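In what follows, every chain begins at residue 1, and chains take the letters A, B, ... in the order their sequences are listed. If you're wondering where the values come from, they're calculated on a predicted model, not measured in any experiment.
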Amino acid sequence: MEKIFANLKLTMESGQPPHFLWHQKDGRYSRKIGGQLITLREEGGRVRASAGHEKHAAELLRSCDDLQEIYATISTDATIKRAISRYSGMRLTKNDEWETTVAFLCSQNSNLKRIRANVQGMLGNDGMVLSAQALAKTNLRKLNLGYREPYLKGTAAMVAGGEFDFAGVKKLNYADAREELQELPGVGPKVADCILLYGFGRLEAFPNDVWIGRAMSKWYGVSSPKKVEAFVQRRWGPLAGYAQQYLFALARDEISRQRP
DNA sequence: AGCCAGGACCACC
DNA sequence: GGTGGTCATGGC
């Protein structure tokens, strides 16, 4: 397989699921999946995977996405051009749906470091996030998830009990899938968009968190979530998720914590 | 020390 | 259908 063009560090440490699931050491990224250790490394802008794991890497890094073409399409203004220039090579990732759901159930009103610790505390011996069945009967109190614990328990119970079907979500269009995911306790619009973007590969999803809120307000003059939705869909449409990832990175680097 | 965090939920308007 | 208060706890 041909190597994948990417800035691996930006990709793996950009607040996407790999940020919570993979370990970095000496510039290499690794994790255990099904008992196997998978390792990724970057050589001159190209990513190489450990032997036998090329296919997994290609899927994770969405190797079919042509970044140059995407950049050309979403370069609508100076702000996003600056983000693309600064974070060139950052790719969206395609992750396991359940792992993505668990990670972003932990994410609300939290921070990247804490989310990572929470997710790491819910891994099984095979290195993967505990299944819904296992999670439903695991005591999570030592993880100090706060008010998120009942969300995780409730969602795990629904999935384990067959009350919620991820396979069914896959067949729905974006708007319906977004509504359906919000049937899960602890899943609102933002988390639903994260699950759709990082777990289901729906590139039109645009997770609107506090940083994106600041970015959209400061750089595009739109504030309310509804107006942001409309603006984003009109401007970036089917590639809104890529625009979001780059604006999120730029916002965290350029906007101070104190809102003006 | 005190404010903030990749928000969701509920009551109330 | 929109808005404000509340939620548990770690980071910085």
Side-chain angles (χ1 to χ4, degrees), chain A residues 10-22 83 87 90-95 97 99-122 129 139-158 164 175 178-200 202-203 205-219 222-230 232 240-260:
Chain A
L10 282 177
T11 302
M12 303 298 277
E13 301 181 23
S14 51
Q16 301 185 56
H19 192 127
F20 314 125
L21 290 162
W22 292 68
Y87 310 111
M90 180 170 64
R91 307 188 70 92
L92 280 176
T93 59
K94 166 69 175 72
N95 305 267
E97 295 148 14
E99 290 191 326
T100 304
T101 301
V102 169
F104 285 96
L105 276 171
C106 296
S107 74
Q108 72 164 30
N109 209 25
S110 187
N111 56 73
L112 295 176
K113 192 159 292 189
R114 185 183 179 193
I115 298 164
R116 178 181 168 85
N118 289 155
V119 173
Q120 292 289 320
M122 288 185 279
V129 170
N139 189 330
L140 300 175
R141 217 162 309 149
K142 59 182 187 323
L143 295 181
N144 293 323
L145 290 159
Y147 61 84
R148 304 165 196 84
E149 182 175 331
Y151 294 156
L152 282 155
K153 285 298 211 177
T155 290
M158 280 181 68
F164 189 90
R178 191 168 186 251
E179 291 304 313
E180 180 65 16
L181 283 168
Q182 292 180 58
E183 293 302 312
L184 294 168
V187 178
K190 189 270 178 184
V191 171
D193 274 334
C194 285
I195 297 171
L196 286 170
L197 181 59
Y198 304 125
F200 286 87
R202 299 293 185 90
L203 300 188
F206 189 91
N208 188 349
D209 71 343
V210 292
W211 290 103
I212 285 294
R214 290 168 183 152
M216 297 308 292
S217 173
K218 171 169 181 157
W219 293 322
V222 287
S223 297
S224 81
K226 261 188 70 175
K227 286 185 178 177
V228 169
E229 272 186 47
V232 159
Y242 263 100
Q244 191 272 359
Q245 197 61 40
Y246 280 76
L247 291 174
F248 176 74
L250 193 65
R252 284 175 56 87
D253 281 347
E254 286 195 356
I255 301 179
S256 71
R257 243 135 271 229
Q258 286 74 10
R259 249 235 100 244

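Taking only side-chain nitrogens and oxygens, A/R214 comes nearer than 4.0 Å to OP1 or OP2 of B/dA5. A sub-4.0 Å separation between OP1 or OP2 of C/dC12 and a side-chain N or O of A/K113 is present. For the OP1/OP2 pair of B/dA8 and a distance below 4.0 Å, the side-chain nitrogens and oxygens of A/K190 include no atom meeting the criterion.
Counting only distance, with no hydrogens or angles, the side chain of A/Q245 and the backbone of A/L92 share no donor-acceptor pair below 3.5 Å.
Among the atoms of the strands shown, none is found under 4.0 Å from any heavy atom of A/L145. Contact annotation for A/Y151: backbone-only contact, meaning every heavy-atom pair under 4.0 Å involves sugar-phosphate atoms and none involves a base. Contact annotation for A/Y198: base contact, defined as any heavy-atom pair under 4.0 Å involving a base atom.
Spacing between atom CZ of A/F104 and atom C1' of B/dA5 amounts to 14 Å, rounded to whole angstrom units. For the pair A/N111 CG and B/dG2 P, the interatomic distance rounds to 20 Å; values are reported in whole Å.
Closest to the A/N109 side chain, of the nucleotides C/dG2, C/dA8, C/dG11, is C/dA8.
For C/dT9, the base has a donor-acceptor partner in the side chain of A/R114 [N/O atoms by modelled type, under 3.5 angstrom]. With hydrogens and angles left out, the side chain of A/Y147 and the base of B/dG7 share a donor-acceptor pair within 3.5 Å.
A gap of 15 Å separates the P atoms of C/dG5 and B/dC4, to the nearest Å. The gap from the P atom of B/dG7 to that of C/dC12 amounts to 16 Å, rounded to the nearest Å.
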